[in-house]
Amino acid sequence: DISMPERFLFLEPAAASALLLRMRRLKNHVYSMKTSMPMLIKEAFQCVLSGRSPWLGASYLSLILNLLTEEFHQERNTLSEDIRQSANYIRCNLTQQLSLDELADLCGLSVSSYKQKFKSQMGITPRNYINMQKIELAKQLLESGESVTETSMKLGFNTSSYFATVFKKYTSQSPMDYVHKKENFSFSRTIQNLSADKNE
């Protein structure tokens with residue numbers, strides 16, 4: 001479940017978030033594999049299909065994804081100053097309506113040149129990047145107790161139904177489903193902690 005980094009492949013949350021961010025930046029759907037990769041993928045599938053340790057299967061998948069995204073990251077680890085500033089501007093203004101005309105103007109480019117340059121360096125289109133960042137902030141707002149309507153208005157979505165559509169596109173679940181999963185996970189963790197304290 002990529003919408004919950006704290007449960008992704010049993011990774012520590014910061015490591016999971018970093019891996020998920022690199023995965024979102026992958027720009028291609030087909031990659032040539034190093035000679036070791038097919039063997040790792042085969043082992044990962046065999047772990048899952050045979051019912052062996054889920055931790056071992058997750059470790060294989062984590063290794064595969066880290067190798068894939070690290071190789072891609074090394075190819076494009078430098079951003080031009082205008083695109084770096086554009087990405088920073090987007091992250092600092094997520095509660096505003098961000099138009100591509102405005103962003104292109106900040107970079108001194110036409111809209112078409114800006115879109116092309118942004119995608120070639122960031123791996124995703126500006127609009128996808130904006131929405132992805134807005135949804136990451138939306139998760140934090142929802143977790144802090146904001147309602148779906150309040151969150152959608154704060155992030156500049158025209159309607160809460162459109163916000164829900166975009167949220168589901170990037171997380172594969174509705175905002176309410178996300179909140180319920182978070183609440184259930186938090187409750188389960190609290191019970192586990194209480195049980196552990198009792199046993200000690």
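Thr151 is not listed as a side-chain neighbour of Leu137, based on a closest heavy-atom distance of 4.5 Å or more. The shortest side-chain heavy-atom distance between Leu65 and Leu9 falls under the 4.5 Å cut-off. Side-chain contact between Leu67 and Met37 is present, with at least one heavy-atom pair separated by less than 4.5 Å. Taking the side chain as every heavy atom from C-beta outward, Phe118 and Thr125 never approach each other to under 4.5 Å.
Counting heavy-atom neighbours within 6.0 Å of Phe10 CZ, excluding the residue itself, gives a total above 12. For Met132, the CE atom is densely surrounded, since the number of other residues' heavy atoms within 6.0 Å is greater than 12. Enclosure of atom NZ in Lys117 by more than 12 non-hydrogen atoms of other residues, nucleotides or ligands within 6.0 angstrom is indicated. Counting non-hydrogen atoms of other residues, nucleotides and ligands closer than 6.0 Å to CD of Gln116 gives a total of 12 or fewer.
A donor-acceptor pair is defined here as one N or O able to donate and one able to accept, closer than 3.5 Å; such a pair exists between the side chain of Ser59 and the backbone of Trp55. A side-chain donor-acceptor contact under 3.5 Å links Lys134 to the backbone of Leu155. Using modelled atom types, one side-chain atom of Gln97 and one backbone atom of Gly156 make a donor-acceptor pair closer than 3.5 Å. The backbone N or O of Leu109 lies less than 3.5 Å from no partner atom in the side chain of Ser113, so there is not a single donor-acceptor pair.
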Side chain to side chain contact (heavy atoms under 4.5 Å, CB included) between Lys119 and Ile124, worked out
CA-CA 5 Å; Lys119 185 174 182 182; Ile124 57 175; 5.8 Å; no
How far apart are the C-alpha atoms of Ser152 and Thr159, what are their side-chain angles, what is the distance that settles it, and do they pass the side chain to side chain contact (heavy atoms under 4.5 Å, CB included) test?
CA-CA 7 Å; Ser152 64; Thr159 65; over 6 Å; no
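The minimum heavy-atom distance linking Leu61 with Ala44 is given by the pair CD2-CB, 4.0 Å. The minimum heavy-atom distance linking Leu79 with Arg84 is given by the pair O-NH2, 3.2 Å. Residues Cys47 and Ser50 come closest through the heavy atom pair O-OG, 3.4 Å.
No side-chain N or O of Ser147 forms a donor-acceptor pair with one of Thr149 less than 3.5 Å apart. In this structure, a donor-acceptor pair under 3.5 Å is present between the side chains of Ser86 and Tyr114. Using modelled atom types and a 3.5 Å distance limit, the side chains of Tyr129 and Arg91 yield a donor-acceptor pair. Between the side chains of Glu136 and Gln140, no donor-acceptor pair of N or O atoms lies under 3.5 Å. Side chain to side chain, Glu143 and Tyr178 meet the donor-acceptor criterion of an N or O pair below 3.5 Å. For Arg24 and Asn128, the side-chain atoms include no donor-acceptor pair closer than 3.5 Å. If you check the side chains of Asp101 and Ser99, you find no donor sitting under 3.5 Å from an acceptor.
Interatomic distance, CZ of Phe157 versus CD1 of Ile135, reported as 4.5 Å (0.5 Å rounding). In this structure, the separation between CZ on Phe163 and NZ on Lys154 is 11.5 Å, given to the nearest 0.5 Å. In this structure, the separation between OG1 on Thr171 and NZ on Lys181 is 8.5 Å, given to the nearest 0.5 Å. Residue Glu43 holds its CD atom at 9.5 Å from CD1 of Ile64, rounded to the nearest 0.5 Å. A distance of 10.5 Å separates SG in Cys107 from CD in Glu102, rounded to the nearest 0.5 Å. Rounded to the nearest 0.5 angstrom, Tyr60 OH and Gln46 CD are separated by 9.0 Å.
With hydrophobic clusters built from ILVMFWY side chains whose heavy atoms lie under 4.5 angstrom apart, Leu56 shares a cluster with Phe45. No continuous path of ILVMFWY side-chain contacts below 4.5 Å connects Leu142 to Met153, so the two sit in separate hydrophobic clusters.
Residue Pro126 is tested with Leu100, Asn131, Val111, Ile83 for a side-chain contact (heavy atoms from CB on, under 4.5 Å); the sole match is Leu100.
Here Asp177 does not pair with Lys168 in a salt bridge; the nearest charged N to carboxylate O distance is not below 4.0 Å.
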